[in-house]
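Heads up, the thing below is written out as structure tokens.
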2 protein chains.
Amino acid sequence: MNPLTSSVFRTETMTVPGGTETIVRGGRDLFPLLPQALHGVRRIGVLGWGPQGSAQAQNLRDSLAGTEVIVSVGLRPGSRSADDARAHGFTEDNGTLGDWLAVAADSDLVILVIADAALAAEHEKIFAVLKPGATIGLSHGFLLGHLQSIGSDFPAGHPVIAVCPKGMGDSVRRLYQQGATVNGAGINASIAVHADPDGHATDRALAWSIGLGSPYTFATTLADEYRSDIVGERAILLGAVHGLVEALYRHFVIAGADPVTAYERSTESITGPIARTISDSGLAAVRAATGDEDLFDRAYSAAYRPARDLVAEIYDEVAEGTELRSVILAEQRLATRPMSPIAGSPMWSHSAQAHARRDSAPTVVDPLTAGLFVATMTAQVDEFAVRGHAWSEIVNESVIEAVDSLLPYMHARDVAYMVDNCSRTARLGTRRWGPRFQAAYEQIALPRVDAPADQALVKQFLDNPAHEALAAAAKLRPTVDISVERPTTT
Amino acid sequence: MNPLTSSVFRTETMTVPGGTETIVRGGRDLFPLLPQALHGVRRIGVLGWGPQGSAQAQNLRDSLAGTEVIVSVGLRPGSRSADDARAHGFTEDNGTLGDWLAVAADSDLVILVIADAALAAEHEKIFAVLKPGATIGLSHGFLLGHLQSIGSDFPAGHPVIAVCPKGMGDSVRRLYQQGATVNGAGINASIAVHADPDGHATDRALAWSIGLGSPYTFATTLADEYRSDIVGERAILLGAVHGLVEALYRHFVIAGADPVTAYERSTESITGPIARTISDSGLAAVRAATGDEDLFDRAYSAAYRPARDLVAEIYDEVAEGTELRSVILAEQRLATRPMSPIAGSPMWSHSAQAHARRDSAPTVVDPLTAGLFVATMTAQVDEFAVRGHAWSEIVNESVIEAVDSLLPYMHARDVAYMVDNCSRTARLGTRRWGPRFQAAYEQIALPRVDAPADQALVKQFLDNPAHEALAAAAKLRPTVDISVERPTTT
């Protein structure tokens with residue numbers, strides 16, 4: 001990837017396993033530098049008002065308040081998001097809300113945060129109206145994968161950059177707001193510079209990232225970002241969590257637990273204390289927190305290999321393009337066959353009861369659940385390392401995004417709600433791979449938990465370089481208590 | 001597809017829904033015509049000694065006994081199958097066993113029944129040694145899919161035909177042997193003529209099919225055969241059965257059944273009485289046999305749509321080539337990551353106990369299990385019909401192969417044994433799609449079984465043209481009691 005250099009922001013060297021990475025620390029004190037770093041960008045157009053679009057548009061507007069840079073939102077004709085955008089201050093009257101192609105034509109930096117399917121179908125229309133030299137901005141690598149799969153490319157002469165927050169839009173906005181009082185609260189982001197015809201692409205990307213409130217920004221490539229992002233959401237971020245709690249819930253019920261207790265020992269344990277322990281103290285701390293290291297080790301030993309095999313399979317499918325082609329086929333079927341929710345599974349009917357018991361009977365770190373979960377998370381870390389990803393990307397995409405963004409959200413709502421309400425690409429991926437993880441836990445891991453732990457595997461876990469990489473990343477941002485609003489209606 | 005015409009065998013017209021199909025009935029009385037129909041083929045080389053290879057080599061040799069046509073078996077150097085081939089009468093001494101390339105070079109019809117991965121890797125070597133004008137014989141369409149995916153083709157100047165028995169090799173041999181006393185016992189087959197440079201390809205394919213003991217032979221194309229074969233094994237033939245019994249076993253245990261009873265109500269019910277009822281009396285007869293048509297109808301209504309959606313998804317993936325690319329990626333991973341069996345799931349430990357109870361407490365048709373199973377089978381039938389397959393192919397690939405070949409085999413061993421010991425392409429497919437079916441039953445179908453039946457859907461089932469097609473196919477072969485040997489060791 002390009003080394004991270006900037007004429008505006010100070011780069012820092014972060015020690016990671018086997019070397020160093022260059023990163024840029026964020027902070028509100030840097031906001032006055034943003035116009036200069038944007039190098040001629042006077043209008044930023046954010047196309048789309050989904051979770052990422054609304055979070056990014058608001059954060060950028062707030063960060064650039066008082067400067068000459070204007071942030072506008074562009075929506076498709078008849079978009080149902082228009083009222084919500086207006087309610088958040090983007091209006092036709094003040095010139096910050098308009099038709100998406102008009103906004104695209106009028107902007108110096110066009111941030112494409114519409115749905116993947118729309119991006120695949122409509123990118124040519126957008127490219128056609130861009131100003132000469134306008135910067136194309138992405139928030140993940142999907143479009144690159146799509147363009148490659150159809151033998152196409154980005155239009156020449158335009159800088160192409162990506163800023164990819166390692167958290168859902170909800171967290172990107174919420175932690176930015178917390179950052180007003182806790183300087184440094186926010187979601188880390190990676191940047192990728194894919195085309196740099198005027199030499200200012202990296203500074204623009206850094207300005208965008210810092211404007212979003214990223215505590216630290218690290219470099220990647222669009223291809224690496226695409227792979228780790230798509231694989232991660234199919235594995236430890238969403239798919240594996242879904243498969244794991246489905247398997248564990250039935251396992252605990254069959255072993256005699258009442259449904260609410262089974263729900264607590266599976267879902268609640270992961271989304272609550274396991275996520276918090278990792279966020280506060282790292283991966284290895286979970287083992288100590290179980291109170292039964294032997295069971296943790298046995299569960300870890302039973303799950304690591306099947307989980308690693310599945311992550312490798314997903315990685316191959318994503319890297320070779322078959323996963324993306326499957327998503328496109330699925331999108332075509334959706335025209336006549338609506339996607340059914342996963343929330344019909346019996347376990348989710350106990351969600352409210354389990355939530356209601358939180359104060360009176362706080363969930364603990366279940367050792368079996370923790371062993372399976374941490375083994376899967378470590379399997380993803382190890383597979384990403386073998387595939388050559390930067391350590392910042394590995395720990396952000398495998399650990400930090402999970403414990404600081406997605407799992408807290410799932411804790412507030414539930415896993416099924418999260419899956420059924422995430423992006424279509426992620427939702428389709430979870431439905432494809434969640435059942436594979438469930439089957440791997442049921443058929444391979446759980447039947448082996450009674451066998452003695454594999455001490456070599458446990459030692460590899462305790463010595464895993466991820467602990468060092470995670471500690472290095474943790475130094476760059478404060479520990480924040482992440483609050484997630486309860487849904488106002490259920 | 002090519003209309004079925006023959007200068008040697010009598011074609012017949014079979015009435016199917018919406019029209020007719022031309023078929024050829026088999027029988028031992030036709031064996032004397034085989035040399036003539038083979039049009040110049042004096043040596044048949046069967047490459048491979050897997051279940052299909054050993055069954056086809058033996059059946060063809062026995063059917064051609066007393067003629068000038070010689071059937072030889074070709075094996076790769078160091079093949080572990082050589083001793084078994086010798087034990088079945090194919091020996092170097094009598095000139096019917098040899099190196100695969102030598103046998104290929106010496107044969108007028110070369111039947112390629114080596115594993116798919118070997119076919120993908122080695123087909124060029126085989127093509128290179130063929131005699132001018134030698135006929136290339138396939139037993140399913142995999143190689144066509146592979147050649148298309150790499151932009152290649154069959155060599156010019158060679159007839160290319162396929163004879164595809166609609167049953168596993170074990171059944172192809174066993175029912176042929178039964179056919180010695182029950183004329184007409186056997187496994188139906190489809191034929192496809194992909195290249196016919198000398199005008200005799202159809203007769204050769206018919207001779208091969210009749211020589212295998214096929215009660216009736218119908219026409220298809222390599223592409224249609226490939227699709228229905230690969231989709232079928234991922235759906236009702238293997239993948240869906242695996243997913244269904246995993247879901248039902250846990251469902252019954254959670255509802256309070258002891259493990260052996262749960263095993264009986266799920267697995268035993270399907271592989272025993274449900275399969276037998278369909279084989280003897282057709283699909284609709286299962287409903288009556290449950291003794292609880294309301295529960296059957298509710299289960300059918302709950303499962304049909306999610307099962308149909310999954311069959312459609314699999315069909316898309318197979319037709320568009322993504323499934324095949326995934327298989328090839330999986331084959332590459334197998335070099336370093338051995339495939340774990342699915343038999344580790346707790347339910348399979350109760351297999352022997354359930355089998356032991358068969359005589360004292362015969363398994364009945366469980367209405368819930370039957371509704372889910374028949375809905376899935378009908379969903380595959382309906383999806384194949386929409387995709388334009390011939391009715392003979394639809395009912396053979398969705399119903400007859402299941403109830404007369406695979407399910408009886410599973411009944412003798414068990415479902416997991418069957419999956420873990422079938423072809424790698426099928427095994428990989430079952431592991432990919434079985435969990436998807438399991439999740440669909442668990443998350444969508446089973447939670448909805450308490451809702452009233454969808455009467456329109458039930459009426460569609462009762463009026464389904466598949467019943468007519470199945471009855472037409474049944475007229476062409478006798479009802480035979482299919483015996484499967486118990487494994488001598490477990």
Side-chain angles (χ1 to χ4, degrees), chain A residues 242-243 246-247 249-251 253-254 259 262 302 305-306 308-310 312-313 315-317 319-330 332-334 336-349 416 428 431-440 442-448, chain B residues 242-243 246-247 249-251 253-254 259 262 302 305-306 308-310 312-313 315-317 319-330 332-334 336-349 416 428 431-440 442-448:
Chain A
H242 172 48
E246 285 278 0
Y249 172 79
R250 285 181 179 77
H251 175 82
V253 167
I254 288 173
R305 180 51 53 195
R308 179 83 187 264
D309 285 349
L310 263 176
E313 180 172 347
Y315 200 102
D316 280 349
E317 303 264 319
E320 297 293 326
T322 53
E323 184 71 14
L324 186 54
R325 281 189 282 270
S326 297
V327 166
I328 290 166
L329 291 173
Q332 291 165 356
R333 278 191 306 277
L334 290 178
T336 53
R337 300 175 184 276
M339 195 175 357
S340 54
I342 65 163
S345 195
M347 66 180 297
W348 306 115
S349 65
L428 288 166
R431 293 165 61 86
R432 280 168 65 82
W433 295 101
R436 294 291 306 280
F437 278 99
Q438 178 183 342
E442 287 177 348
Q443 294 167 19
I444 306 172
L446 286 168
R448 284 190 201 158
Chain B
H242 171 50
E246 285 277 0
Y249 172 79
R250 285 182 179 76
H251 175 82
V253 167
I254 288 173
R305 180 51 54 195
R308 179 84 188 263
D309 286 349
L310 262 175
E313 180 173 347
Y315 200 103
D316 280 349
E317 303 263 320
E320 296 293 327
T322 54
E323 184 71 14
L324 185 55
R325 281 189 282 271
S326 297
V327 167
I328 289 166
L329 291 173
Q332 292 164 357
R333 277 191 307 278
L334 290 178
T336 52
R337 300 174 185 276
M339 195 175 358
S340 54
I342 65 163
S345 194
M347 66 180 297
W348 306 115
S349 66
L428 287 167
R431 292 165 61 85
R432 281 168 65 81
W433 295 101
R436 296 290 306 281
F437 278 100
Q438 179 183 343
E442 287 177 348
Q443 295 167 20
I444 305 172
L446 286 169
R448 284 190 200 157

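Throughout, protein chains are lettered first and strands after them, A, B, ... in sequence-line order, and every chain is numbered starting at 1. Hydrogens, waters and symmetry mates play no part in the numbers below; they use all other heavy atoms, side chains included.
Taking B/Arg305, B/Glu323, B/Arg308 one by one and counting their heavy-atom pairs under 4.5 Å with chain A, the maximum is reached by B/Arg308. No other option in A/Gly243, A/Gly321, A/Ala312 has as many heavy-atom pairs under 4.5 Å with chain B as A/Ala312. Per-residue heavy-atom pair counts under 4.5 Å with chain B were compared for A/Ser340, A/Ala343, A/Pro346, A/Ser326, and the maximum is reached by A/Ser326. The choice from B/Arg333, B/Glu317, B/Arg325 that makes the most heavy-atom pairs within less than 4.5 Å of chain A is B/Arg333. Options A/Ser345, A/Ala416, A/Ala330, A/Pro447 differ in how many heavy-atom pairs under 4.5 Å they form with chain B, and the most are formed by A/Ser345. Listed options A/Glu246, A/Arg432, A/Gln438, A/Arg431 were ranked by heavy-atom pairs under 4.5 angstrom with chain B; first place goes to A/Arg432.
Contact of B/Gln332 with chain A is not made at all, since no heavy-atom distance falls under 4.5 Å. For A/Glu320, the part sitting under 4.5 Å from any heavy atom of chain B is the side chain, from C-beta outward, and nothing else. Neither the backbone nor the side chain of B/His251 comes within less than 4.5 Å of any heavy atom in chain A. For A/Ile444, the part lying near chain B is the side chain, with the backbone staying farther off; criterion is any non-hydrogen pair under 4.5 Å.
Atom CG of B/Leu428 sits about 11.0 Å away from atom CD1 of B/Ile328, to the nearest 0.5 Å. The CH2 atom of A/Trp433 sits 7.0 Å away from atom CG of A/Leu310, with the distance rounded to the nearest 0.5 Å.
Closest of all the heavy-atom pairs between B/Ala262 and B/Val253 is CB-CG2, 3.6 Å. B/Leu329 and A/Asp316 make their closest contact through CD1-O, 3.8 Å (heavy atoms, listed as atom of the first residue, atom of the second, distance).
Ion pairing between a basic and an acidic side chain is recognised when a charged N comes within 4.0 Å of a carboxylate O; A/Glu313 and A/Arg436 show such pairing. Under the 4.0 Å criterion applied to side-chain N and carboxylate O atoms, A/Arg250 and A/Glu442 are not assigned as salt-bridge partners.
Contact of the A/Tyr249 side chain with the A/Pro259 side chain is registered, since non-hydrogen atoms from C-beta on lie closer than 4.5 Å.
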